[in-house]
Protein chains: 2
Amino acid sequence: MHPTLHAVKPGSKAGIAKIDPSSTPGFKGDRDQVRDRAEKELADNTAAIAALQERLYAENTRALLVVLQGMDTSGKDGVIRHVFSGVNPQGCHVTSFKKPSENELDQDYLWRIHQQIPPRGEIGVFNRAHYEDVLIVRVHDLVPKGVWSARYAQINEFEHYLAANGVVILKFFLHISKQEQLERLRARLEDPAKNWKFQAGDVRERQFWKDYQAAYEDAITKCSTEWAPWYVIPADRKWYRNWAVSTIVRQTLEMMNPKYPPAPRDLHKVKLV
Amino acid sequence: MHPTLHAVKPGSKAGIAKIDPSSTPGFKGDRDQVRDRAEKELADNTAAIAALQERLYAENTRALLVVLQGMDTSGKDGVIRHVFSGVNPQGCHVTSFKKPSENELDQDYLWRIHQQIPPRGEIGVFNRAHYEDVLIVRVHDLVPKGVWSARYAQINEFEHYLAANGVVILKFFLHISKQEQLERLRARLEDPAKNWKFQAGDVRERQFWKDYQAAYEDAITKCSTEWAPWYVIPADRKWYRNWAVSTIVRQTLEMMNPKYPPAPRDLHKVKLV
């Protein structure tokens with residue numbers, strides 16, 4: 001039911017430290033040429049996703065949830081712009097989960113997530129998600145270890161329930177190197193059109209790089225399941241990152257193979273005047 | 001602050017009966033040629049809207065709300081697909097207001113609308129909206145006349161409040177002829193890929209055509225304001241309808257002229273390692 005490209009096999013270690021963020025498997029040779037090919041295939045994927053999404057919407061029985069996680073500057077916003085612009089926004093809803101509000105903190109951590117699960121017929125994209133509750137929360141000891149360590153199983157059960165109720169789930173870790181992040185933060189400092197994206201917090205969090213990598217390794221290892229697999233996407237090359245995510249989304253929709261619903265009975269008896 | 005093309009001047013009668021739904025002002029001559037030109041300009045508008053939306057998102061102080069109303073088959077879904085596919089869905093959220101649920105009916109009629117007002121930095125598109133509460137509600141006497149007739153002023157005040165709080169509002173009436181609706185309903189009956197869109201209710205509502213036109217005339221006349229104008233879009237020709245809506249949306253965003261926010265102070269002092 002799920003594509004295998006870059007998927008972490010359930011029960012296996014994610015092994016993100018051994019995956020080269022600058023690798024571009026399947027794209028060898030002249031850099032400009034392979035990049036051109038990836039961009040053409042991305043455009044082709046976008047058109048295919050838009051057409052499949054229309055059938056998903058018409059079918060109205062299942063939903064697709066795309067979860068995007070990754071370090072600051074890893075390209076979550078970029079993936080959304082490049083892969084999902086072109087999809088009819090009537091059937092595609094993006095939710096960015098920011099620092100929880102005081103009211104949200106008064107609820108269980110999956111409460112605000114559950115509210116944003118895409119309805120039947122739609123694609124939902126989460127820019128960060130409930131995984132923050134085993135990432136930043138763990139790195140900064142925001143709750144005791146006994147609390148966050150129980151969450152992996154809770155998340156698996158929550159996602160299992162969603163999958164059993166028609167929500168197909170894909171989870172992407174956009175994997176960048178520490179050096180690549182440095183260059184992207186520098187661009188935000190130097191390019192006036194990117195200044196607004198710069199947040200002092202990003203520099204602070206960068207100091208916890210190793211802790212975050214360990215937290216991602218655990219979250220991906222413990223929560224890549226048959227019903228909701230994790231994909232580790234080499235993301236230093238933006239063109240490869242966009243190509244890989246769009247290819248996996250397209251393949252998933254092709255496997256789902258949504259169909260226009262059958263015509264209502266008695267349609268031929270309708271009289272129009 | 002708002003474009004004038006097809007706008008109903010505040011205080012003037014809408015006069016929709018006198019507006020030809022098949023007219024295509026500004027596009028005279030060979031039909032294929034003008035249609036080609038309109039489609040090229042639509043693509044150009046889409047690219048411009050996407051670029052302006054990015055600045056709107058970065059600026060993060062104002063929102064744009066686009067309200068779409070019209071008879072069944074008038075093209076609300078089509079406008080969304082053709083005008084807003086291509087816009088980054090992270091900053092563009094579509095809400096379809098269907099028949100209210102029992103819980104929604106236990107609230108005042110603007111309650112569910114208010115919840116979906118786009119946040120700062122975003123474009124919100126309403127596929128039907130609070131105007132249903134002076135349209136279908138009026139045509140079918142769902143509440144007493146004294147109740148719905150008080151709503152025009154309430155709606156104007158609600159929209160005035162939103163405008164004063166940074167929400168720029170555009171309201172489009174997609175104006176089709178009764179004959180054109182007949183042809184579009186027939187296509188839904190005959191084309192298997194369109195069967196799913198056919199609803200028996202559409203045929204029933206068609207019998208109330210005149211009542212709906214009268215209700216639209218009043219709603220547009222009473223609620224086209226300086227702060228939230230109505231636009232009457234000739235919509236029998238889909239290409240003209242898409243061109244007109246996209247042109248007005250583009251012009252509005254150009255008038256809003258969103259800007260990247262100034263760089264944070266002390267940005268030059270940031271040290272990256």
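Looking at Val203(A), only its side chain comes within 4.5 Å of chain B, counting heavy atoms on both sides. Val125(A) does not touch chain B: none of its heavy atoms, backbone or side chain, sits under 4.5 Å away.
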Kindly provide each donor-acceptor pair between chain A and chain B shorter than 3.5 Å, listing atom names and distance.
| from | atom 1 | to | atom 2 | distance (Å) |
| --- | --- | --- | --- | --- |
| Asp77(A) | OD1 | Gln90(B) | NE2 | 2.9 |
| Gln90(A) | OE1 | Ser96(B) | OG | 3.0 |
| Gln90(A) | OE1 | Asn127(B) | ND2 | 2.7 |
| Gln90(A) | NE2 | Asp77(B) | OD1 | 2.9 |
| His93(A) | NE2 | His93(B) | NE2 | 3.4 |
| Ser96(A) | OG | Gln90(B) | OE1 | 3.0 |
| Asn127(A) | ND2 | Gln90(B) | OE1 | 2.7 |
| Arg206(A) | NE | Val273(B) | O | 2.6 |
| Arg206(A) | NH2 | Val273(B) | O | 3.0 |
| Val273(A) | O | Arg206(B) | NE | 2.6 |
| Val273(A) | O | Arg206(B) | NH2 | 3.1 |

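Contact detail for Leu182(B) and Leu272(A): the closest heavy-atom pair is CD1-CB, 3.7 Å.
No other option in Ala263(B), Gly91(B), Pro89(B) has as many heavy-atom pairs under 4.5 Å with chain A as Pro89(B).
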